[in-house]
Amino acid sequence: MSNCFLPARILLPGAEVPLDPWACIAVDQFTSQPEYWQQAERLAAGRPSTLHIVLPEAYLGTAQEAERLAEIRQTMTRYRRTVLTRQVNGYVYVERTQLDGTVRQGLVGMVDLEAYSYAAGAGTAIRPSENTVVERIPPRLRIRRGAELETPHVMMLADDPARTLIEPIGRCKDRLPCLYDGELMLGGGRLAGWAVEDPDLLAGIDAALRALGDPEAFAARWPQAAGQSPLVLAVGDGNHSLATAKAYWEERKAALTPRQRQDDPARYCLVEVCNVHSPAIQIEPIHRVLFGVGAEQVRAALDGWAAANTICISPDSAQQFTLVSAAGDTPLGFAGEVEPLAVGTAERFVQDFLQRCPGASVDYVHGEAAVRRLAAGGAVGLLMPPLQKADLFRGVVLGGVLPRKTFSMGHAEEKRYY
């Protein structure tokens, strides 16, 4: 069986183009904080930047969407001719120096979308880590259709406790061509990248991937899942971005011959793969923030929903969370007929609440400080408890997927960059 993660033809800007403002943060960040994007646009004005070839989700559904999409298409064509003057045929090994000083290692390449499915219970080599909301795909498809370029926007996780896939590349980086090394915009940390094109290194990556996908090793690690097709990579961040790439490929391949399907660019998606066992990988909870309602209304709805679903709400319950509003904090917890994780139980309540309260809306927010700022302005936050890294692969292998918007990879300011 061929591997699901492969070398790619990766285009890069010329060496004279600085990372700040070339690299911008992923478009699904700061959706309730347009001031971040306004600041980023001021920094990137008149300069080469991926900000000019992506559409922040803060603008989805606005009057600006169509105009911005047209500008993105034109800019991609121009960048292809004048900015993207370097090329790597292989992988790019990256090191991200994070805000706490830790260095997160990654490998940028492409995944084969034929080895991935976002359908519930699919036993593919690449699987989502959370439920895919199919309603979120169509607006992203509008962006992907006709796009001349793709930027890496998905972080995959490998369950590699022996550190066989990425770490060996890091140990020999000094003999690899350095592609870039610089600061990221708006406090995102530092990023450096090296070209991985050496045939021996490519063969080593291929061998490590095959070992991670070995059925006997998989069954030994997860005895309860013996007989399942091995899980090689789980989506750590960017579930809906990868799902959109898959949806576009399924749409496109219907018109292709079997031979054309083998090497059509749409069959593949650029991603960064990281090792979940790296000490630099931080799993942060994603919080819920409700708008258009007050704290008393939310608390009353919580009590009513819990009573109707055989769930007890008490600060002494095992699944702890905190209700945050301008009036202060209320520590609470779920017990009874709950989901495996507190975030899953909270999401059940939120979806029920939104159906019963049409004037309310929800956003999924990274970072406690951001939740508190929104709550001070009148919103109501549900702060989720910390997550353990071991929950991630266990949940995907044994439970299928985690609840949507369960976790995020690191702090909002230093997450995925294009």
Side-chain angles (χ1 to χ4, degrees), residues 3-20 22-26 48-50 53-54 79-80 83-98 103-112 126 149-158 160 163-185 188-209 233 235-238 241-242 245 265 268-275 278 280-281 409-410 414-418:
N3 280 324
C4 58
F5 182 53
L6 303 160
R9 184 169 71 95
I10 302 171
L11 304 178
L12 296 103
E16 74 283 357
V17 177
L19 279 176
D20 180 1
W22 170 255
C24 81
I25 206 163
S49 176
T50 52
I53 57 174
V54 298
Y79 279 8
R80 187 80 180 269
V83 176
L84 298 168
T85 58
R86 294 185 293 170
Q87 179 173 306
V88 170
N89 292 297
Y91 301 96
V92 174
Y93 167 73
V94 296
E95 289 188 352
R96 170 77 69 82
T97 303
Q98 301 179 134
V103 177
R104 192 188 78 207
Q105 299 171 286
L107 204 58
V108 176
M110 65 184 187
V111 290
D112 184 352
I126 302 170
L149 299 171
E150 177 188 68
T151 53
H153 58 296
V154 179
M155 182 188 291
M156 312 292 295
L157 294 174
D160 185 20
R163 294 167 168 78
T164 61
L165 177 63
I166 300 166
E167 290 80 358
I169 307 299
R171 290 194 289 271
C172 66
K173 68 179 182 182
D174 290 343
R175 62 182 178 88
L176 302 178
C178 185
L179 299 166
Y180 47 81
D181 185 359
E183 297 293 326
L184 296 165
M185 68 159 59
R190 191 172 188 89
L191 183 67
W194 292 263
V196 184
E197 299 175 301
D198 179 272
D200 290 339
L201 293 179
L202 297 181
I205 292 170
D206 188 68
L209 285 164
L233 297 173
V235 186
D237 210 347
S241 295
L242 192 64
Y268 305 94
C269 181
L270 280 172
V271 304
E272 178 187 356
V273 173
C274 297
N275 184 2
S278 165
I281 293 290
M409 304 297 299
E414 60 179 12
K415 283 165 56 65
R416 294 171 292 127
Y417 272 72
Y418 296 99

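Just so it is clear, the model here is predicted, and its values are computed rather than measured. The first residue of the sequence shown is numbered 1, and numbering continues consecutively from there. Heavy-atom basis, side chains included; hydrogens, waters and symmetry copies ignored.
- Note: Ile53 CD1 to Glu150 CD = 10.5 Å, rounded to the nearest 0.5 Å.
- Distance CG/Asp160 to SG/Cys274: 12.0 Å, rounded to 0.5 Å.
- Here the CD1 atom belonging to Ile166 is positioned 6.0 Å from the CG atom belonging to Leu107, to the nearest 0.5 angstrom.
- The heavy-atom pair separating Leu165 from Ile169 by the smallest distance is O-CG1, 4.0 Å.
- The two atoms that bring Val108 and Ile10 nearest to each other are O-CD1, 3.8 Å, heavy atoms only.
- A 4.5 Å side-chain heavy-atom check between Leu233 and Cys4 finds at least one atom pair inside the cut-off.
- Between the side chain of Tyr79 and the main chain of Pro13, no donor-acceptor pair closer than 3.5 Å is present.
- Comment: Arg190 does not engage Glu95 in a salt bridge, judged by the lack of any side-chain N to carboxylate O separation of less than 4.0 angstrom.
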Any chance you could lay out the side-chain contact (heavy atoms from CB on, under 4.5 Å) test for Asp237 and Leu157, step after step, and finish with the verdict? CA-CA 9 Å; Asp237 210 347; Leu157 294 174; over 6 Å; no
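- Between Gln105 and Val94, the closest side-chain pair of non-hydrogen atoms is not below 4.5 Å.
- Here the CG-CD1 distance, from Asp198 to Ile205, works out to 9.5 Å after rounding to the nearest 0.5 Å.
- Taking every heavy atom of both residues into account, Val17 and Pro48 meet most closely at CG1-CB, 4.2 Å.
- At least one side-chain heavy atom of Tyr180 sits less than 4.5 Å from a side-chain heavy atom of Val92.
- Scanning all heavy atoms of the two residues, the minimum distance from Cys24 to Thr50 falls at N-OG1, 3.1 Å.
- Inter-residue side-chain proximity for Arg104 and Met155 is flagged as met; some heavy-atom pair is nearer than 4.5 Å.
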Tell me, with the steps shown, if Leu202 and Tyr91 meet side-chain contact (heavy atoms from CB on, under 4.5 Å). CA-CA 8 Å; Leu202 297 181; Tyr91 301 96; 3.5 Å; yes
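- The main-chain N or O of Leu179 is found under 3.5 Å from a side-chain atom of Arg86 such that the two form a donor-acceptor pair.
- One distance of note links NZ of Lys173 with SG of Cys178; it measures 9.0 Å at 0.5 Å rounding.
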Show your reasoning for whether side-chain contact (heavy atoms from CB on, under 4.5 Å) applies to Asp181 and Leu19. CA-CA 8 Å; Asp181 185 359; Leu19 279 176; over 6 Å; no
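- We find the CG-OG1 distance between Leu184 and Thr97 to be 9.5 Å, quoted to the nearest 0.5 Å.
- At a threshold of 4.0 Å, the pair Arg96-Glu272 does not count as salt-bridged, since none of the basic side-chain nitrogens sits closer than that to a carboxylate oxygen.
- The shortest side-chain heavy-atom distance between Leu201 and Cys172 falls under the 4.5 Å cut-off.
- Annotation: side chain of Leu270 is not in contact with side chain of Thr151 (no heavy-atom distance under 4.5 Å).
- The backbone N or O of Phe5 lies less than 3.5 Å from no partner atom in the side chain of Asn3, so there is not a single donor-acceptor pair.
- For Ala195 against Val88, the heavy-atom pair with the smallest separation is CB-CG2, 3.9 Å.
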Can Asn275 and Ile281 be said to form a side-chain contact (heavy atoms from CB on, under 4.5 Å), step by step? CA-CA 8 Å; Asn275 184 2; Ile281 293 290; over 6 Å; no
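- Contact detail for Val154 and Leu242: the closest heavy-atom pair is CG2-N, 4.0 Å.
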